[in-house]
Amino acid sequence: MKNEISTFIHQVYFWQKDAESKTDLARLILGLKTLQKIEVIKGFHIGTPAQSQDSDIDRSYSVSLLVSFDDAKDEKLYQAHPIHMKFVEDCGHLFSKVKVYDSLQVPFGPLN
């Protein structure tokens, strides 16, 4: 796995069931870290809400995951991968809500 942005971006935001539990947050992050072993991943980032001063920033989530792939085919392989399935099985009880955003890179070209 390289740490680079690829054509297909998979962004996931998790809200913990028990938002105050540091133990549950640690377990969720540990579970997310196991996903980086999936071979088709090209870039990987786990984060928590930044404490910026911008009032437009949504900090209601507990943890986020950003994963990049070469294409939608690789993202589909990721979804069905046994490591991903085990993460869902082992950690699904830790979050009450999840939002997923997938996007494809817009080709670069002339500005006009």
A.B. asks: Rounded to the nearest 0.5 Å, what's the gap from CG on Leu30 to CZ on Phe87? Could you check?
C.D. replies: 10.5 Å
A.B. asks: For Ser52 and Ile57, which heavy atoms make the closest approach, and how far apart are they?
C.D. replies: OG-CG1, 3.5 Å
A.B. asks: Between Trp15 (side chain) and Ser60 (backbone), is there a donor-acceptor pair under 3.5 Å?
C.D. replies: yes
A.B. asks: Taking a hydrophobic cluster as the set of Ile, Leu, Val, Met, Phe, Trp and Tyr residues connected by side-chain heavy atoms closer than 4.5 Å, whether directly or through intermediates, do Val88 and Ile41 fall within one such cluster?
C.D. replies: yes
A.B. asks: In this structure, would Val12 and Leu28 fall into the same cluster of hydrophobic residues linked by side-chain contacts under 4.5 Å?
C.D. replies: yes
A.B. asks: Quick one: list whatever passes side-chain hydrogen bond (donor to acceptor under 3.5 Å, both in side chains) with Asp18, sequence neighbours left out.
C.D. replies: none
A.B. asks: Can any side-chain N or O of Ser68 pair as donor or acceptor with the backbone N or O of Phe8 at less than 3.5 Å?
C.D. replies: no
A.B. asks: Starting at CG of Asp90, measure out to CE of Met85 and round the result to the nearest 0.5 Å.
C.D. replies: 11.5 Å
A.B. asks: Establish whether Tyr101 and Leu66 are linked, either directly or via other cluster members, by ILVMFWY side-chain heavy-atom contacts under 4.5 Å.
C.D. replies: no
A.B. asks: Answer yes or no: is there a side-chain heavy-atom contact under 4.5 Å between Arg59 and Gln51?
C.D. replies: yes
A.B. asks: Roughly how far, to the nearest 0.5 Å, is CG of Asp58 from NZ of Lys99?
C.D. replies: 9.5 Å
A.B. asks: Within this structure, what is the CG-CD1 distance for the pair Leu77 and Ile38, rounded to the nearest 0.5 Å?
C.D. replies: 10.0 Å
A.B. asks: List in chain and number order the residues that pass ring-ring contact (aromatic ring centres under 6.0 Å, His included) with Tyr78, two or more places apart in sequence or in another chain; answer none if no residue qualifies.
C.D. replies: His10, Phe69, His84
A.B. asks: For Phe44, is there any backbone N or O sitting under 3.5 Å from a side-chain donor or acceptor partner on Gln36?
C.D. replies: no
A.B. asks: Could you give the distance from OG (Ser96) to CZ (Phe14), rounded to the nearest 0.5 Å?
C.D. replies: 11.5 Å
A.B. asks: If hydrophobic clusters are built by linking Ile, Leu, Val, Met, Phe, Trp and Tyr wherever their side-chain heavy atoms come under 4.5 Å apart, do Tyr61 and Val100 end up in the same one?
C.D. replies: no
A.B. asks: So which heavy atom on Gly31 is nearest to which on Cys91, and how close?
C.D. replies: CA-SG, 3.9 Å
A.B. asks: Do Gln11 and Leu65 make a side-chain contact, defined as non-hydrogen atoms from C-beta onward lying under 4.5 Å apart?
C.D. replies: no
A.B. asks: The criterion is salt bridge (charged side-chain N to carboxylate O under 4.0 Å, His left out); which residues satisfy it with Asp24, sequence neighbours excluded?
C.D. replies: Arg27
A.B. asks: CG/Leu35 to CD1/Ile46 distance, rounded to the nearest 0.5 angstrom?
C.D. replies: 7.5 Å
A.B. asks: Do you know the tightest heavy-atom contact between Pro49 and Ser62?
C.D. replies: CD-O, 3.5 Å
A.B. asks: I'd like to know if Val63 and Val67 are part of one continuous hydrophobic network [Ile/Leu/Val/Met/Phe/Trp/Tyr, side-chain heavy atoms within less than 4.5 Å].
C.D. replies: yes
